[in-house]
Structure formats: C-alpha cells, structure tokens
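These figures come from a predicted structure and were not determined experimentally. Just follow the structure's listing: the first ligand is 1, and inside any ligand the first atom is 1.
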Amino acid sequence: MYSIGVIHRFDAAHLVSAVARGLHGHTFTAVTRLKADRLRAPGFVVDFGALKVIARYIDATLDHRNLNEVLGEMSAGRDVATHLLGWCRSNLELPDGVTLAGVVVSEGGTGWEDVPLTSWRRRFEAAHHLPGLGDAHKCSRVHGHTYQVFAIPDESPDVGTAFADEMLIPLDNYLKEGFNYRYLNEWFPVPPTSENLAQHLFAWCEEHLPKVRLAAVRVSETPSTWAEYRRKDLS
Ligand SMILES: Nc1nc2c(c(=O)[nH]1)N=C([C@H](O)[C@H](O)COP(=O)(O)OP(=O)(O)OP(=O)(O)O)CN2
C-alpha cells in the first residue's frame, strides 16, 4: 500500500474552552494523507503539486487568523482537522483508487510526529528528473533533493525486536553506493518518484535483510512532502 503526505503550516490564535488561559496561539501543522493500492504514471499516488490547493485554502482562511472567527467555538486542533478533512472531501478531485486517508492537525508540532522514534533515518543527496510530465512541469527538468529515508520498524506486539541499528548497515551501504551523489535516472529502473523509491527500498530490505521486519519505508524529497510504501497487512 502506498501513501503520501503533505505538510502545511499556519500561524493562528484560538480560545478553547477546555484551556483555562484564554486566547493564545500556535504554529499549527496540518498533515493531509492519501493512500492508493497502485501508482499512476509516472509513479505517483497523486502529484504533490495537485495538493497545493490545500495550502492556498489554509493561507486564505486559517493563516494569521483568530480561528474562533472562522470556526466558532469549535477551534481546537481536532476541530481544525475535521474542518480541513471536510474541505478536502468537497474540493479535492481524486482519481479512482486514491483515498483521502485523513488530516492530522497539531499545535506546535513538526508534522513528522507519526514517524516512530525507533525508526532508522538517513539522508542522501541526489539528482533526478521525472519523465512524462510535460515540459511545463518543473520536475521534468533535471533537479535534485536532499532526500530523507525512514525505515520504520514493525512494532506489532507479536514481532518482538523489529531491528537493531547495526542490522541496517547493508541498507546504509546501498544508499551510499547507489543513491548518494548520483543522478538516479541513470540506473533506477522506473521514474524515481518518492513512491517508487520507497517501494524499491522496502523490497530491497525484504530481499537483503531477512532478519529485519519493516512496517514501511518512507522517502521524503522536501521537508513538507513524503511518500511511503507499507507492508500490505499493516495498511
Ligand atoms: N506524488 C509525488 N508528486 C511529486 C513528486 C513525487 O515524488 N511524488 N515529485 C515531484 C518533484 O520531484 C518536485 O521536485 C517536488 O515537488 P513539490 O513538492 O511540489 O516541490 P516543492 O516542495 O519545491 O514545492 P514548492 O511549494 O513549489 O516550493 C513533484 N511531485
């Protein structure tokens, strides 16, 4: 199962009746998550760019506002999430097979709270381009990212110790040799989208690290976007 997430930040005030101190404010993060069983060309759940409408809505409606004036009394983080989920349901045009998996809003968070602290994390620096998007799409040009890779352990109760850090040394070496300071299109067998990279790295771990039990691999090109490939029975 594939999923993608886009993280939007906004700064707002609110007064929540359960919080005694009165009007206060936060930098909020809203993480919108979509999932799909299969990818659409060139290897997307949907293009991150198609979700920029959410940022535009948040900027126009919630950012630098008093949320009580927008949402009334129901202005706690979970109320904002419910509001954004409703907005997404009414306004996002999703292709067949793509589901809106949820919106999580946090107060003063980073948007990355859903990655377990026990996950293994590495970065690599690479160039790529995405073929088949048309010349007007910026990602059809050769460009690069500081990628982040998260190997997320399966922490189901019956699994026991999912992995020790040193068990992932071969993955570290694979990233250093195959991905870091490389132009991914020169060798990657399919368009190097975040989704395809996540699925490839998950499958690579399954094949080469039989003692490591992963729940998912997440790949992030930018601090506000990610794609994940998750073990089917944990989706
Ligand atoms: N579902 C996916 N959509 C896109 C991917 C991807 O891997 N999966 N990749 C790209 C491009 O590589 C692009 O560089 C990143 O796009 P985007 O996140 O839209 O770009 P920015 O963070 O630079 O966004 P700005 O708001 O314009 O700064 C495209 N889509």
Side-chain angles (χ1 to χ4, degrees), residues 1-11 27-63 84 88 92-103 110-112 114-115 122-150 175 178-204 216-230 235:
M1 173 65 80
Y2 297 91
S3 56
I4 60 169
V6 289
I7 303 170
H8 299 112
R9 296 185 178 79
F10 60 97
D11 297 276
T27 296
F28 290 80
T29 51
V31 184
T32 308
R33 190 173 182 141
L34 308 181
K35 63 180 183 178
D37 284 333
R38 59 184 175 77
L39 301 179
R40 295 154 52 86
F44 290 166
V45 172
V46 297
D47 191 337
F48 296 138
L51 303 176
K52 293 204 165 127
V53 286
I54 307 170
R56 288 198 282 276
Y57 177 72
I58 288 174
D59 287 349
T61 315
L62 305 176
D63 187 43
L84 286 174
C88 288
L92 289 183
E93 286 175 22
L94 299 178
D96 281 351
V98 179
T99 317
L100 183 60
V103 177
T110 61
W112 290 88
D114 62 327
V115 178
R122 287 293 182 278
R123 288 180 174 193
F124 67 84
E125 316 285 336
H128 77 158
H129 76 275
L130 300 180
L133 288 171
D135 292 348
H137 196 297
K138 66 179 177 177
C139 299
S140 66
R141 305 191 290 266
V142 177
H143 62 285
H145 302 285
T146 295
Y147 287 85
Q148 293 196 77
V149 176
F150 301 83
L175 291 176
F179 295 74
N180 199 29
Y181 284 85
R182 294 294 190 115
Y183 176 27
L184 300 176
N185 298 71
E186 282 178 350
W187 72 271
F188 199 72
V190 290
T193 63
S194 304
E195 290 91 327
N196 280 334
L197 293 170
Q199 192 280 332
H200 174 89
L201 291 171
F202 184 91
W204 189 92
V217 170
R218 181 178 288 196
V219 172
S220 166
E221 293 181 345
T222 71
S224 54
T225 56
W226 52 260
E228 200 173 274
Y229 184 80
R230 183 162 285 267
S235 297

Output the distance between atom [atom1] ([X]) and atom [atom2] ([Y]), rounded to the nearest 0.5 Å.
| X | Y | atom1 | atom2 | value |
| --- | --- | --- | --- | --- |
| Leu62 | Asp11 | CG | CG | 11.5 Å |
| Leu84 | Tyr57 | CG | OH | 7.0 Å |
| Ile4 | Thr225 | CD1 | OG1 | 9.0 Å |

Mind listing the side-chain donor-acceptor pairs of residues 130-139 below 3.5 Å, one per line with the distance, residues two or more places apart or on another chain?
from, atom 1, to, atom 2, distance (Å)
His137, ND1, Cys139, N, 3.1
His137, NE2, Asp47, OD2, 2.6

Is the closest side-chain donor-acceptor distance between His128 and His143 under 3.5 Å?
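Checked: His128/His143 side chains pair up, N/O donor to acceptor below 3.5 Å.
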Residue by residue, ordered by chain and number, which ones reach under 4.0 Å of ligand 1 with a heavy atom?
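Its neighbours under 4.0 Å (heavy atoms only) are Phe44, Val46, Asp47, Phe48, Lys52, His128, Leu130, Lys138, Cys139, His143, His145, Thr193, Ser194, Glu195, Glu221, Thr222, Thr225, given by chain and number.
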Decide if the gap between the ring center of Phe150 and the ring center of Trp112 is smaller than 6.0 angstrom.
yes
